[in-house]
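Counting begins at 1 with the first residue of the sequence. As the structure is a prediction and not an experimental result, all values here were calculated from the model. Both counts, for ligands and for their atoms, begin at 1 and track the order of listing.
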Amino acid sequence: MAHGLEGLIRTGRPPRAPPPPVEDAVTTVRQTTHDLLRTWGLTTVFGNPGSNELPFLDGLPADFRYVLGLHEGVVLAMADGYAQATGRPAFVNLHSAAGLGNAMGNLANARASHTPLVVTAGQQSRAMIGLGAMLGEPELTRVPEPQVKWSFQPARAQDVPRALSEAFHLATLPPAGPVFVSLPLDDWGQRVDDQEVARLARRRVRAAGAAAPQLVEELADRLMGAQSLAIVVGPDTDTEAAYPLVVELAERLDAPVWTAPVPPRCPFPTRHRLWRGVLPPSIAGVSGNLTGHDLILVLGAPVFRYHVYAPGPWLPDGAELVAVVSDPHEAARTPVGDAIVGDVAAVVAALLDGVPVAAARRSVRRRKVPNVPLGTAAPFTAAEVFAELARRVPPEVALVNESTSNTIEFWTHLNRDRPRSLFFPAAGGLGFGLPAAVGVALADPSRPVLAVVGDGSLQYGVTGLWTAAQLGLPVTFVVMRNGGYEGLRLFFAPMGIEKAPGLELPDLDAVTIARGYGVPGATVTTGAELAEALAGAATATGPRLVEVPIGGR
Ligand SMILES: Cc1ncc(C[n+]2csc(CCOP(=O)(O)OP(=O)(O)O)c2C)c(N)n1
């Protein structure tokens with residue numbers, strides 16, 4: 001005021017506008033959020049937009065990329081594949097309760113995979129959330145439960161940046177996983193303090209990851225005291241850091257290695273002399289396969305992800321178990337054995353310091369991979385297809401598998417030897433595979449992807465074909481055409497089922513469907529065509545679909 005009065009007295013005219021007050025050094029929630037997302041490396045937005053989300057997308061900076069999925073399940077799985085392949089969190093923007101609901105199946109897969117995802121959905125204007133307005137959901141934060149680590153709607157527009165900061169750090173901290181933030185549409189134009197946001201951008205929140213020396217020593221003693229050790233590896237060891245360390249530990253201890261049941265990743269080289277295969281997903285199956293071992297070391301897997309209830313002993317007679325996992329829930333809910341919660345790579349690295357090379361090699365029987373020649377004409381067996389895939393598709397090609405009834409054959413012939421080589425729906429929810437392959441390809445377009453999906457599975461994520469076509473991603477979609485939900489028939493005997501409806505899938509033409517989405521394709525009818533199609537995966541420059549008639553076992 002003094003300033004204004006002074007101006008009046010001196011000039012006799014109204015004073016010029018005063019210099020901007022401190023509060024003018026503010027920006028909008030939208031600009032701030034865009035800046036923060038950039039700071040966190042989240043410039044790829046996986047989304048499907050609606051009116052609630054438009055104010056966030058308005059003026060999305062030029063260095064951002066919006067990856068449009070035509071259904072929210074596909075959006076979520078693309079982000080999941082991308083995050084799993086990069087090892088970094090991904091950002092998802094969905095539309096209100098309806099869009100979030102559509103994404104729930106794949107959110108369950110992401111949760112089970114420990115995938116760091118910041119999932120957001122647009123909420124109605126704050127004034128209308130409680131009024132039953134279209135696209136407003138007062139309970140929006142409850143929709144994604146229980147598949148997220150944290151679910152939140154900021155109390156004020158000014159809290160949006162801090163809430164997203166919390167979401168980003170929580171999603172990334174171990175155990176990694178999806179989190180959810182509801183974002184009311186009228187928050188984006190509100191003002192927020194620059195300084196506040198600058199502080200958020202500078203924050204680094206990291207897990208120390210160090211292994212407690214006493215626990216490591218104890219564990220090393222147990223490992224060296226074992227008469228017959230077996231190692232079971234899980235998805236959390238499928239990282240650049242942990243993968244080679246686990247191989248080295250197994251070699252040093254000369255211990256056979258199993259992959260934990262229903263593996264969503266391939267955490268150990270499948271042609272290594274110590275690799276024994278995948279444990280079956282039943283209580284009796286696990287203990288039966290581990291018979292003869294007195295100590296089981298589980299690294300980076302829940303103990304265990306069972307499927308069919310086949311009761312039996314948890315472990316072989318007299319055997320003990322120790323699990324090293326990142327997730328306190330996984331550690332606590334385990335019915336048997338001990339657990340250490342921590343960074344698996346850090347624990348294994350520390351173990352290597354104290355574990356000497358095994359004095360003598362035990363006679364670990366090398367697993368025999370059956371030699372299955374490819375037939376000359378369709379229909380092929382799944383084993384023929386996967387044996388040929390192993391021969392034709394080099395290990396640098398990333399694989400995605402969602403061909404349920406053929407999982408055993410797939411793993412029997414699999415030949416991957418490096419981290420982040422295979423992705424599978426961790427919670428068993430179909431509709432992950434096809435779009436996840438799109439996300440994996442986006443993560444590194446120089447690394448082609450081959451996705452094996454069932455003809456049933458294809459339909460759950462089919463619109464991902466459009467995104468693959470639009471972005472020209474080098475993904476080969478191999479559709480195993482058996483004309484039904486064969487995987488469900490496999491449950492008939494163990495579950496005592498005689499007959500059930502809804503298992504036939506006649507009259508589906510994957511090639512025509514793919515063409516409609518802009519993806520060229522063909523049905524292979526001869527062995528030579530199949531071999532050529534598989535070999536082409538490594539040099540693909542865009543998406544294509546290969547339908548493979550299969551039958552018999
Ligand atoms: C979202 C979802 N819906 C239903 C199922 C149940 N389900 C498990 S396996 C299966 C059959 C899949 O058929 P297809 O992809 O053709 O592969 P196949 O079993 O014939 O090898 C179904 C429907 C599921 N796992 N996830």
Atom 8 (C) of ligand 1 - nearest protein heavy atom and its distance: Leu488 CD2, 3.7 Å
Heavy-atom donor-acceptor pair, Thr120 side chain to Val92 backbone, under 3.5 Å: yes
Side-chain (Arg447) to main-chain (Glu396) donor-acceptor, under 3.5 angstrom: yes
Whether Phe386 and Phe410 hold their rings parallel, tilted or perpendicular, with breakpoints at 30° and 60°: perpendicular
Donor-acceptor contact below 3.5 Å, side chain Tyr66 vs main chain Thr44: no
Any Gly431 heavy atom less than 4.0 Å to ligand 1: no
Arg544 side chain vs Ala533 backbone, donor-acceptor pair below 3.5 Å: yes
Side chains of Asn401 and Ser403, donor plus acceptor under 3.5 Å: no
Distance-only criterion, 3.5 Å: show the donor-acceptor pairs between side-chain atoms of residues 488-512 and protein atoms not counting sequence neighbours.
from	atom 1	to	atom 2	distance (Å)
Arg489	NH2	Glu504	OE2	2.6
Asp509	OD1	Val511	N	3.1
Asp509	OD1	Thr512	N	3.1
Asp509	OD1	Thr512	OG1	3.3
Asp509	OD2	Thr512	OG1	2.5

Test: Glu532 and Arg392 ion pair at under 4.0 Å: no
Sub-4.0 Å heavy-atom approach of Gly484 to ligand 1: yes
Protein heavy-atom partner closest to atom 10 (C) of ligand 1 - residue, atom, separation in Å: Leu430 CD1, 3.7 Å
Option of least heavy-atom distance to atom 4 (C) of ligand 1 (set: Tyr485, Tyr460, Phe491): Tyr460
Shortest protein heavy-atom distance from atom 15 (O) of ligand 1, along with the residue and atom involved: Ser457 N, 2.7 Å
Contacts of type side chain to side chain donor-acceptor pair (under 3.5 Å), residue Glu330, not counting sequence neighbours: His114
Closest protein heavy atom to atom 21 (O) of ligand 1, given as residue, atom name and distance to 0.1 Å: Ser405 OG, 2.6 Å
Gly429 N/O under 3.5 Å from ligand 1 N/O: no
Atoms of ligand 1 close to Asn482 [distance to a heavy atom under 4.0 angstrom, numbered from 1]: 18 (P), 20 (O), 21 (O)
Nearest protein heavy atom with distance in Å, relative to atom 9 (S) of ligand 1: Thr404 OG1, 3.6 Å
Closest approach of any protein heavy atom to atom 25 (N) of ligand 1, naming residue and atom: Gly428 O, 2.8 Å
Contact (N/O only, under 3.5 Å) between Leu505 and ligand 1: no
Residue pair Tyr306 / Val286, side-chain heavy-atom distance below 4.5 Å: yes
Backbone or side-chain N or O of Asp455 under 3.5 Å from ligand 1 N or O: yes
Polar proximity ligand 1 side, Glu402 side, N/O cut 3.5 Å exclusive: no
Ligand-residue contact atoms, ligand 1 with Gly456, heavy atoms, under 4.0 Å: 14 (P), 15 (O), 16 (O)
Contact atoms of ligand 1, heavy-atom distance to Gly487 under 4.0 Å: 18 (P), 19 (O), 20 (O)
